[in-house]
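Remember, it's 1-based here, ligands and their atoms both numbered in the order they're listed.
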Amino acid sequence: MAAQTTTPQEPAAVQSSISMRLNARLFLRMLGIFLGIDLLVCLLSLGCMAVWAESRAAGIAQLVTDRGIPTEEAAVWAQTGGYEVYALEREPQGWGGTVNLGAKWPEDAGTSLRSFQFDMSLLGPVHEARYIVELSGGGAPYAIALDISGPASIWLFALRILLLCELAALIIGIFQNAGLVKKSLRPLQDLATAASKLSSAAHDMSPEELRRLTGALDQINATHLDARIQVSGSQREVQSLAAAINAMLDRINEAYSSQMRFVSDASHELRTPIAVIQGYANLLDRWGKDDPDTRQEAIDAIRAEADSMKALIEQLLFLARGDNDAVHFEEKPLNLSALATEVVRESDMIDDVHTFELTAPEPVWVSGDEGLLKQCLRILTDNSLKYSPDGGKVTLTVASGGGNARISVQDEGQGIPEESLSHVFERFYRTDESRTRQTGGTGLGLAIAKWIAERHKGHFELLSRVGLGTRFTLVLPLIPSPKEENAE
Ligand code: ADP
């Protein structure tokens, strides 16, 4: 056995990530600027300290030239003045041998090399900060070490304040930028949402509206509906916008093609009866004037073809109105069991070669249009009669359960081949078997039944086996009995 069920589709959601990327970029840019400022401040501070220490060291060097390197006792006194002078037992080391920071060094001081000596951390106190100038001193190298912990403490304090301000600016910046980026991206998001909405709306458009809409997009027109937007890069908003437009184009393309197919199938179906009528009109013209039998045969055939053409045109009109949502729909509570009883009674009156069975033990209530639901049941019952051999039994069963009302029409007929199960609800679809047998069907009955089911928020379940029979079950939302509702 094979079964087929129709289900509705869910729209896709639009997502966001470009704001995060822009935020991260703005944050990194601010961080870079702040680090640059910090580096500049540090270099400037060190430069100032070096200039100040250099002029002091030059004065001390002059003293050394005049009086020589201080004795141990004098060195202790010098330490209280914030500097130290001591002899070196090695060659001078450091940087800036050719640098002149504006100090006046004595002539015999020789080459002077500098270095900083720090013992401090960003969060702790300044333990030691010294500016050391090592001089060759004409053969007797010595060093002048200046205590710069005072200026270094001020510099560290200023650096801490600067870093705190920068941190605060970065944190505030994150929130401010997020708001700003979100605001500037809103039009893009709105566009994506609008395109998504358009995508679902496009499903209900007429070919003319579709062509007008598609004509608005450059390059893409009714003859090139298969063109699609290509997006490179990884920005999700732009990709979702392109995906929304492409999905819309897919649906427009599908709707447009199915409309075109419908028009061409309808013309094809109408061509056959017109050709038959033309043939019989010619026959009448040539021989029917004198021969009463030929005349009657032509009249009967023309009448039969006109009848089937009328039925086809009525079905086409129904589907066209259905597509435009222009079918009259009067909703009220309906008892499916009563409806099934009525359909069985009417079918039994016009068909005496099949037998009917009805199983409707209790009232089953649904909300819907009586005329449309009856038309739907008639389509199913007529098919069962058309595709069952004489003497076959057609069973209608009404039941309820799981919040649904179910009405099934089952026959013991030819059945539907498995490969045709997914197509029988398509417009103008007929199985090969029913085509060759010339049942007089148009292939539109089940398309109309499906439209009616969907209009009532229901669907079909189909079970069929070739040679054994077919069961169509219409599933509709169940409603409480109106009597029970009134009693409450
Ligand atoms: P038609 O006017 O040709 O009956 P429908 O849309 O009602 O058009 O049905 C589409 C096709 O589905 C039919 O041509 C037939 O091949 C198949 N079909 C529908 N109902 C039955 C059935 N009860 N038993 C066998 N085949 C069926």
Side-chain angles (χ1 to χ4, degrees), residues 1-6 258 261-262 265-266 268-273 304-305 307-320 322-323 340 343-344 347 350-351 353-358 372-397 406-455 459-475:
M1 287 267 171
Q4 180 73 27
T5 312
T6 54
S258 94
R261 220 171 27 242
F262 183 58
D265 286 348
H268 183 78
E269 292 294 323
L270 283 168
R271 203 184 293 152
T272 318
E305 288 303 324
D307 283 349
S308 70
M309 227 158 83
K310 187 175 165 232
L312 175 67
I313 284 168
E314 269 166 12
Q315 284 180 318
L316 282 173
L317 273 176
F318 183 97
L319 284 171
D323 287 346
V343 172
V344 168
S347 306
I350 48 174
D351 184 297
V353 290
H354 295 93
T355 54
F356 290 90
E357 192 179 305
L358 174 70
L372 289 179
L373 283 180
K374 206 167 171 184
Q375 185 179 355
C376 180
L377 282 186
R378 273 207 203 110
I379 290 169
L380 301 180
T381 325
D382 285 352
N383 277 352
S384 286
L385 299 175
K386 257 193 295 185
Y387 303 112
S388 296
D390 289 356
K393 187 169 77 177
V394 176
T395 313
L396 270 80
T397 312
R406 311 170 80 83
I407 178 159
S408 62
V409 180
Q410 185 168 340
D411 61 55
E412 298 167 345
Q414 65 189 41
I416 301 169
E418 198 170 335
E419 65 275 10
S420 297
L421 283 173
S422 54
H423 299 292
V424 288
F425 290 99
E426 286 170 14
R427 295 172 182 189
F428 295 110
Y429 184 84
R430 275 173 281 175
T431 60
D432 294 341
E433 174 86 350
S434 66
R435 267 178 211 280
T436 46
R437 275 221 202 155
Q438 290 296 316
T439 50
T442 56
L444 290 176
L446 286 179
I448 292 175
K450 182 174 175 243
W451 185 91
I452 295 173
E454 284 171 357
R455 184 71 180 79
H459 65 269
F460 271 109
E461 285 171 7
L462 170 53
L463 208 60
S464 186
R465 189 184 271 180
V466 174
L468 273 185
T470 303
R471 185 170 76 205
F472 280 93
T473 307
L474 171 62
V475 184

Are side-chain N/O atoms of [X] and [Y] paired as donor and acceptor at under 3.5 Å?
X	Y	result
Tyr429	Ser420	yes
Asp351	His354	yes
Gln410	Thr395	no

Take every heavy atom of Phe472, measure it against each atom of ligand 1, and state whether any distance is under 4.0 Å.
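Under 4.0 Å: yes for Phe472.
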
Should Gly413 be listed as contacting ligand 1, given a heavy-atom distance under 4.0 Å as the test?
no

From [atom], work out which of [options] has a heavy atom at the shortest distance.
atom	options	result
atom 1 (P) of ligand 1	Gly445, Ser384, Gly443	Gly443
atom 5 (P) of ligand 1	Thr470, Leu446, Ile416	Leu446
atom 3 (O) of ligand 1	Phe428, Tyr429, Tyr387	Tyr387

If we only count N/O pairs under 3.5 Å, is Asn383 in contact with ligand 1?
yes

Among Glu314, Glu426, Arg427, side chain to side chain contact (heavy atoms under 4.5 Å, CB included) partner for Leu444
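Among Glu314, Glu426, Arg427, the one meeting side chain to side chain contact (heavy atoms under 4.5 Å, CB included) with Leu444 is Arg427.
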
One thing to verify: whether Glu269 and Arg430 come together as a salt bridge, which I'm taking to mean a side-chain N less than 4.0 angstrom from a carboxylate O.
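Yes, this pair counts.
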
Salt bridge or not for Glu461 and Arg406, using N-O below 4.0 Å?
yes

How are the rings of Phe262 and Phe428 set relative to one another: parallel (under 30°), tilted (30 to 60°) or perpendicular (over 60°)?
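Tilted.
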
State the atoms of ligand 1, each with its element, that fall below the 4.0 Å cut-off from a heavy-atom position in Lys386.
1 (P), 2 (O), 4 (O)

Quick one: which ligand 1 atoms are inside 4.0 Å of a heavy atom on Val424?
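The list of qualifying atoms is 10 (C), 12 (O).
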
Mode of Leu444 contact toward ligand 1 - side chain, backbone, both, neither (heavy atoms, under 4.0 Å):
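The answer is the backbone.
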
